[in-house]
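Residue numbers begin at 1 in each chain, while the letters A, B, ... track the order of the sequences.
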Amino acid sequence: MTIKIYNYLTRELEPFKPITPRHVNMYVCGPTVYADSHLGHAKTYVSMDVVVRYFKYRRFKVRYVRNLTDVGHLLSSGEDRISKGARRDQVEPMEVVDRYIKSFHDDMDALGVLRPNISPRATCHVPEIITWTQGLLEKGHAYEVNGNVYFSVESFPEYGKLSHRKLEDLEAGARVEIREEKRNPADFALWKRADPEHIMRWPSPWGEGYPGWHIECSVMSTKYLGETFDIHGGGLENIFPHNECEIAQAEAYHGHQFANYWMLVGSLTVNGVKMSKSLGNFLTIKDALKLYSPEAIRYFILSSHYRGPVDFSSDALQAAQRGINRLHNTVRKLRRRMKNAPPAGTAVLSQVASLDDYQEAFEMAMNDDFNTSKALAALFDFSKEVNRYLDEHEEASGGTLSVMNKIFSDLAGSVMGILPESVDEHVNEQVIDGLVELLAELRQEYRAEKDWSKADAIRSRLEEIGIILEDGPRGTTWHLK
RNA sequence: GGCGACGUAGCCAAGUGGUAAGGCAGGGCUCUGCAAAAGCCUUAUUCGUCGGUUCGAUUCCGACCGUCGCCUCCA
């Protein structure tokens, strides 16, 4: 089955055809590293993470590049975001960059977002950016004024093809304060002259300056992925002007198609309004992780389609936390049973055959433009099936159980990233096992004497330290809260 | 003003030209000393409103209402 992708370039659902068979070259616009990331960033990167993971599951060789913007991204005031961070934190600009790159990686690691193959930084590619700027000047796509170099949008007739915008419409919009030195108000900077007080600056043929924001993505994506590559992703709010400018620069420079498929992720909203730093309505990933597990956050994000918006609320996150806990309960129960099952048991074919249906439903959903919501539904159906099976088959073979476990590991674990490495296995597991069993036995004695207050005291004391005892027909079991 | 997206049960959220996945919450039952977990059953005659096309529309078309995004700050 081929994977179908909704391509923003054509606005159609298209079968994915890689440039090189079985290979995917993919670029995603990364963050500007001047502050802690919030859940909005998490949505974009978790969504794209699952795309990468699914390609890998389908045995594609993926090269994934996600940049880190560490210069040139200006605020509306005209101040560089990094400079702002430096002033705020009272440190060197590059210290800000290092600090928030680490913070970003920590957050992504915590959320189980796989690291890209390459995380290039704009400041490490200034020579290439200068080369591109020169090239675009030579080809007549750019012009220099007072040490600033602008890309001329009129020189690129296809400008607007991604965001479906026309230059005339933009001018009609005209809420912009026009810089007289631009030939067209929509022209954007490739290189900017550094004012005397500007800290981040590099020598260039046009004097000391720094790169514009858009150029880095064109330069770094094609440097590592080729002049034409398969997939370009990012947040939908960057479709214009950022993504549009990337296309214009790259296609004007190389003379052919930039990215074949554009995948844009819908925004995260709060009470219907986009979560953003400027509005102040954000929850940082670090704070979110104090309240919810990484898997719950991923499940929340993946429970709706990546292209659509998702509205954040603590109710929704709590519902996600409960939902994901239920899935983990099933896996925990399954793995417990595996330990006690006959080790060399073989899978019973009739029992295993129907399990393929769930895997197939999952793949069908994912093949359809990564419909994670539908895929998760298949996973919950599967979970129900496993629970039922476990309840009804006391003597399940190890083989059958491990087939079930494999499906969970592959789909919930490897693809969705919503299954922790171990649902309950720890370094000191044996010690903990022993201790808890000892207490459970003790409590068993009280129960035999029907001394419920003492038995319950043990149970609630254990619950206080995070261990839940559960009495069932086959004896007492326990798990961590 | 221009371009675009969305509006499905109490909440979140898939989806299809032929009569509504899944999750959370709620109710009932099984199990159970109690609890928890799990299972079974149950919760939208209806998919913003009004028209049109059709044998038939939530799904296609149009209008309207509402919400939101982008139009050089934003993942």
Euclidean distance for [atom1], [N] against [M] (whole angstrom):
N	M	atom1	result
B:G2	B:U58	C1'	31 Å
B:G23	B:G33	P	29 Å
B:C12	B:C68	P	15 Å
B:G66	B:C50	C1'	15 Å
B:G10	B:G27	C1'	13 Å
B:G15	B:A75	C1'	28 Å
B:C11	B:U54	C1'	36 Å
B:U67	B:U72	C1'	25 Å

With a 3.5 Å limit on both atom pairs, tell me what [N] is paired to, counting Watson-Crick and G-U wobble, or say none.
N	answer
B:A44	none
B:C34	none
B:G4	B:C68
B:U58	none
B:A21	none
B:A14	none
B:C29	B:G39

Fill in: Options B:C74, B:C24, B:G22, nucleotide nearest the side-chain atoms of A:Trp213
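Closest nucleotide to the A:Trp213 side chain: B:C74.
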Worksheet item: B:A75, B:G22, B:A14: which one has an atom nearest the side-chain heavy atoms of A:Asn238?
Response: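 So the side chain of A:Asn238 is nearest to B:A75.
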Within this structure, what is the [atom1]-to-[atom2] distance between [X] and [N], rounded to whole angstrom?
X	N	atom1	atom2	answer
A:His38	B:A75	NE2	P	7 Å
A:Phe382	B:G23	CZ	P	15 Å
A:Ile239	B:C3	CD1	P	15 Å
A:Glu79	B:U72	CD	P	20 Å
A:Asp381	B:C40	CG	C1'	15 Å
A:Asp368	B:A21	CG	C1'	14 Å
A:Tyr306	B:A14	OH	P	13 Å
A:Asp369	B:A14	CG	P	12 Å

Practice prompt. State whether a side-chain donor-acceptor pair under 3.5 Å links A:Asn67 with A:Glu216.
Written response: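 The answer is yes; a qualifying pair exists.
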Worksheet item: Judged by modelled atom types alone, do A:Ser373 and A:Ser304 share a side-chain donor-acceptor pair under 3.5 Å?
Response: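 There is no such pair (donor and acceptor under 3.5 Å, judged by atom type) between the side chains of A:Ser373 and A:Ser304.
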Worksheet item: Are A:Arg322 and B:A25 close enough that a side-chain N or O sits under 4.0 Å from OP1 or OP2?
Response: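 Answer is yes, contact under 4.0 Å.
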Worksheet, complete the sentence: Going 5' to 3' through nucleotides 5-12 of chain B and flagging B where a protein heavy-atom sits under 4.0 Å of the base, S where only the sugar-phosphate is that close, and - otherwise, we get --------
Worksheet item: What string of B, S and - do you get for nucleotides 30-39 of chain B, 5' to 3', when a contact is any protein heavy atom under 4.0 Å?
Response: ---BBBBSSS
Item to complete: Pick out which of A:Lys182, A:Glu144, A:Glu181 makes a side chain to side chain donor-acceptor pair (under 3.5 Å) with A:Tyr150.
Response: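 Testing each of A:Lys182, A:Glu144, A:Glu181 against A:Tyr150, the sole residue satisfying side chain to side chain donor-acceptor pair (under 3.5 Å) is A:Glu181.
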Worksheet entry | Base of B:C74 paired with side chain of A:Lys274 (donor-acceptor, under 3.5 Å) |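 Counting by modelled atom types and ignoring angles, a donor-acceptor contact under 3.5 Å is found here.
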Worksheet item: With a 3.5 Å cut-off and just heavy-atom distances, do the side chain of A:Ser373 and the base of B:A14 make a donor-acceptor pair?
Response: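 Between B:A14 and A:Ser373, which were checked side chain against base, a qualifying N/O pair under 3.5 Å is absent.
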Between the side chains of [Y] and [X], is the shortest nitrogen-to-carboxylate-oxygen separation below 4.0 Å, so that they form an ion pair?
X	Y	result
A:Arg459	A:Asp456	yes
A:Lys161	A:Glu244	no
A:Lys286	A:Asp106	no
A:Asp391	A:Arg388	no
A:Arg115	A:Asp49	no

What's [X] touching, base or sugar-phosphate or nothing? Going by heavy atoms closer than 4.0 Å.
X	value
A:His73	sugar-phosphate
A:Gly266	nothing
A:Leu74	sugar-phosphate
A:Val265	nothing

Fill in: Residue whose closest nucleotide on RNA chain B lies nearer the 5' end, A:Pro241 versus A:Glu237
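The residue closer to the strand's 5' end, by nearest nucleotide, is A:Pro241.
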Discussion item. Which is more 5' along RNA chain B, the nucleotide nearest A:His305 or the one nearest A:Leu39? Just name the residue.
Written reply: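 Result: A:His305.
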Discussion item. Does the structure place the NZ or CZ of A:Arg11 under 6.0 Å from the centre of the six-membered ring of A:Tyr6, at an angle of no more than 45° from the ring's axis?
Written reply: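 Because its charged atom misses either the 6.0 Å distance or the 45° angle limit, A:Arg11 does not stack over A:Tyr6.
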Worksheet entry | NZ or CZ of A:Arg66 within 45° of A:Tyr45 ring axis and under 6.0 Å |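 Judged by the rule (NZ or CZ under 6.0 Å from the ring centre, within 45° of its axis), A:Arg66 counts as positioned above A:Tyr45.
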Discussion item. Is it true that, when you exclude A:Lys102 itself, more than 12 heavy atoms of the residues, nucleotides or ligands shown sit nearer than 6.0 Å to its NZ?
Written reply: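 Result for NZ/A:Lys102: open.
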Worksheet item: CZ of A:Arg461: more than 12 outside heavy atoms within 6.0 angstrom?
Response: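 No - once you tally the heavy atoms of other residues, nucleotides and ligands closer than 6.0 Å, there are 12 at most.
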